[in-house]
K.L.:
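Got a structure for you, written out below as structure tokens; questions coming shortly.
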Amino acid sequence: MAAKPKNSRGGEMANPSPPLRWAMSRVLARAADRDRIAARRRKLEAKRRRSGSAHVVEYFHQVDDGYSHLAAQMLSAFVERYHVRLVCHLVGPPSGPNAPEPDFLLDLSRYDAARIGPHYGLEFPGGSDPPDRELVDLATRILAGVVTDSGTFVDAAPRVGDALWSGSAEALQGLAERFRPAADATSVLASGERRRADLGHYSGAMFHYAKEWYWGVDRLHHLGQRLIELGASHDGGEILGAPPAIEPGPHRDDGSMALEIFPSVRSPYTALSFDAAVELARATGVRLRVRPVLPMVMRGVPVTRTKGVYIFMDAAREARSHGLTDWGSYYEPVGAPVERCYSLYPWAVAEGRGVELLSAFMRAAFREGINTNTDAGLRHVVEAAGLSWAEGQSIVGTEVWNDRAWRDEIEENRRAMYDVGLWGVPSFRLLDASGETRLRVWGQDRLWLVAHEIQRVLAARL
């Protein structure tokens, strides 16, 4: 039997027993099941039609969140494009187990929003520093005074955000005179947060429609597609907020730049994007450095059921949009399976098959439904990667399993990721010829930005 992970502090969920592993697999696979999701959508739409009610979309705005400012700029076009009734709420930041690194998250929201905004025709005037707390308080009170009037909120939110993120106290005071701020926003925030919790989420910049959540500008196209399919579009079918394509581009590097990938083989978002990230590096000529890290729960970071189910639902939606028809045959690999895979990774790298090992493991776990906690499951992975199971078995079955070297490397990767302000997976870092960080991003939905930055750097050399 495989040893229990030694550097895990996440309790039973970090290395579940076989019955619990099976149960976790069923719950998360069910969350990603396309037929079940489609059936629920049909049922909800039939209920809405019988009642004669409108298509109600609820939006949750977090004033000091960069992603919320981008989303706010889309609200006007959203209500013009789709036949919906928009209900707006104010919320504070996520807290507790749903926000393991709140300061990192706010920092990344500013950094990321400034870079992705222009590609959506949006602006983010903020810098690297957080906004002044007094201005955040005033901005919150302004929006608290108008949040119950969706039309006014749609008009006010981007203006207030622009003044706040520009650091213009004068502009914000002018908006306060126009919109009459609430004396105290506490009760408004509490109401929004209760509603968000009741509906089953924890973040800002979120849209909710008929039992499903859509995060910011990155997922607005999924919501738009759903509304178009329901006949709730005013303009004949153009989707608002379609994400940029991942385009390697015309310029090719000579290996002077490096793309670091921080994957976790238990992450559905990593499983969605890993092969594409590897191919992007190959197509553009940048050096590839793969730096695996442990899943959060194995790092002692709890993941709530609410967050886990949302992630698997969202990943399934993303998989469908990328044409992965076999996505969702899931068997939970957390704990010993992940560690056994990682213990094999240095050997696989030495054999020139490191990328193939990680790819095969994630395919087995997320698309083939193979129990990687068994020798038979791990053998399937090893052989699918083009490696010898006899050699692999000798590694996981001997003292090599307890060798600190591979564990230390995994921990070094985690520290390197945290050192640049990243903590989730997959994360990516693009380094130029001097080793300077040109871009640091988190998420499978940022590969297009990595591709764009590679081309921008290469074009600047010409």
Side-chain angles (χ1 to χ4, degrees), residues 108 111-112 115-120 217-219 221 242-265 267-293 314-315 317-324 326-327 345 348-349 352-363 366-367 385-386 413 416-417 420-422 424-462:
L108 185 65
Y111 176 92
D112 203 24
R115 283 154 183 79
I116 69 172
H119 298 274
Y120 287 95
V217 299
D218 290 276
R219 299 296 187 272
H221 66 290
I246 302 171
E247 297 179 347
H251 306 300
R252 184 173 173 83
D253 189 34
D254 58 3
S256 64
M257 288 193 288
L259 175 60
E260 289 187 332
I261 305 175
F262 297 91
S264 158
V265 292
S267 158
Y269 293 129
T270 301
L272 275 172
S273 61
F274 183 75
D275 291 348
V278 170
E279 179 55 33
L280 176 64
R282 289 173 176 164
T284 56
V286 304
R287 287 178 289 116
L288 177 67
R289 187 178 183 192
V290 180
R291 309 189 66 175
V293 298
D314 182 56
R317 195 166 51 201
E318 287 282 277
R320 288 194 298 273
S321 72
H322 287 85
L324 299 179
D326 58 348
W327 182 266
Y345 183 65
V349 170
R353 309 297 291 176
V355 164
E356 289 77 8
L357 177 71
L358 300 185
S359 179
F361 186 94
M362 288 184 281
R363 176 178 287 274
F366 289 93
R367 300 170 66 177
N413 294 341
M417 185 172 69
V420 293
L422 299 168
V425 291
S427 284
F428 305 95
R429 180 165 64 149
L430 182 66
L431 300 103
D432 64 16
S434 66
E436 179 185 351
T437 299
R438 302 301 305 229
L439 184 70
R440 57 180 179 93
V441 289
W442 168 32
Q444 51 85 25
D445 46 13
R446 289 294 175 267
L447 269 182
W448 64 264
L449 186 60
V450 174
H452 181 272
E453 182 64 14
I454 290 171
Q455 290 302 304
R456 191 189 69 80
V457 173
L458 294 176
R461 295 178 183 173
L462 299 178

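Everything quoted here is computed from the prediction, not taken from an experiment.
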K.L.:
Measuring only between side-chain heavy atoms, which start at C-beta, is Ile116 closer than 4.5 Å to Trp448?
P.N.:
yes
K.L.:
Check whether any side-chain heavy atom of Val290 sits under 4.5 Å from a side-chain heavy atom of Phe274, and report yes or no.
P.N.:
yes
K.L.:
Side chains of Thr284 and Met257, heavy atoms from C-beta outward: is any pair under 4.5 Å?
P.N.:
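Thr284 does not reach Met257 side chain to side chain.
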K.L.:
Before accepting this row, confirm whether a basic side-chain N of the pair Asp314/Arg317 lies closer than 4.0 Å to the acidic partner's carboxylate O.
P.N.:
yes
K.L.:
Which heavy-atom pair separates Phe428 from Ala277 by the least distance, and what is that distance?
P.N.:
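That would be CE2-CB, 3.7 Å.
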K.L.:
Keeping Gln455 on the side-chain end and Pro248 on the backbone end, is there a donor-acceptor pair under 3.5 Å?
P.N.:
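Answer holds: yes.
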K.L.:
Quick one: does Arg440's side chain have a donor or acceptor within less than 3.5 Å of a partner on Val420's backbone?
P.N.:
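Answer holds: yes.
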K.L.:
Salt bridge (Lys or Arg N to Asp or Glu O under 4.0 Å) for Arg461 and Asp432? Distances and angles first, verdict last.
P.N.:
CA-CA 12 Å; Arg461 295 178 183 173; Asp432 64 16; over 6 Å; no
K.L.:
With side chains defined as the heavy atoms from C-beta onward, is the minimum distance between Leu358 and Thr270 less than 4.5 Å?
P.N.:
no
K.L.:
Let's go through Ile454 and Asp253 carefully: what are the C-alpha distance in whole Å and the side-chain angles of both, what is the deciding distance for side-chain contact (heavy atoms from CB on, under 4.5 Å) to 0.1 Å, and is it a yes or a no?
P.N.:
CA-CA 8 Å; Ile454 290 171; Asp253 189 34; 5.6 Å; no
K.L.:
What distance do Leu324 atom CG and Asp326 atom CG have between them, rounded to the nearest 0.5 Å?
P.N.:
6.5 Å
K.L.:
Do you know the tightest heavy-atom contact between Arg291 and Pro263?
P.N.:
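Heavy atoms of Arg291 and Pro263 come nearest at O-CD, 3.3 Å.
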K.L.:
Please work out which of the three classes, parallel, tilted or perpendicular, describes the rings of Phe366 and Trp327, given edges at 30° and 60°.
P.N.:
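Rings of Trp327 and Phe366: parallel, under 30°.
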K.L.:
If only atom types and distance count, is the side chain of Ser273 paired as donor or acceptor with the main-chain N or O of Tyr269 below 3.5 Å?
P.N.:
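Yes, the answer is positive, given that a donor and an acceptor are paired below the 3.5 Å cut-off.
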K.L.:
Return the CG to CG distance between Leu439 and Leu449, rounded to the nearest 0.5 Å.
P.N.:
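Taking CG in Leu439 and CG in Leu449, the distance rounds to 5.0 Å.
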K.L.:
Could you tell me the separation between the CG atom of Leu447 and the NE2 atom of His452, rounded to the nearest 0.5 Å?
P.N.:
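Rounded to the nearest 0.5 Å, the CG-NE2 separation comes out at 14.5 Å.
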K.L.:
Is the backbone N or O of Pro426 less than 3.5 Å from a side-chain atom of Gln444, with the two atoms forming a donor-acceptor pair by type?
P.N.:
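Absent.
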K.L.:
Indicate yes or no: at least one non-hydrogen side-chain atom of Arg446 is less than 4.5 angstrom from one of Asp218.
P.N.:
yes
K.L.:
I need the Met362 CE to Ser267 OG distance, nearest 0.5 Å.
P.N.:
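Spacing of CE (Met362) from OG (Ser267) equals 8.0 Å.
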K.L.:
Specify the closest pair of heavy atoms between Asp275 and Ser359, including all atoms of both residues, with the distance to one decimal.
P.N.:
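Nearest heavy atoms, Asp275 then Ser359: OD1-OG, 2.8 Å.
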K.L.:
To the nearest 0.5 Å, tell me how far Arg282 CZ sits from Leu259 CG.
P.N.:
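Those atoms lie 12.0 Å apart.
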K.L.:
Say whether, by atom type as modelled, one donor and one acceptor occur between the side chain of Asn413 and the main chain of Pro292 under 3.5 angstrom.
P.N.:
yes
K.L.:
Could you tell me if the side chain of Arg287 sits less than 4.5 Å from the side chain of Leu431, heavy atoms only?
P.N.:
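Side chain of Leu431 against side chain of Arg287, heavy atoms only: no contact under 4.5 Å found.
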K.L.:
Specify the closest pair of heavy atoms between Ile261 and Val278, including all atoms of both residues, with the distance to one decimal.
P.N.:
CD1-N, 4.3 Å
K.L.:
To check you understand the geometry: which heavy-atom pair defines the closest contact between Gly285 and Arg252, and what is its length?
P.N.:
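Taking every non-hydrogen atom into account, N-NH1, 3.5 Å.
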K.L.:
Heavy-atom distance under 4.5 Å between the side chains of Arg429 and Met417, does that happen here?
P.N.:
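No, their side chains stay 4.5 Å or more apart.
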K.L.:
Can you name the closest pair of heavy atoms from Glu453 and Arg456 and give their distance?
P.N.:
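So the two residues come closest at OE2-NH2, 2.8 Å.
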K.L.:
Where the side chain of Arg353 meets the backbone of Ala385, is there a donor-acceptor pair that is under 3.5 Å apart?
P.N.:
yes
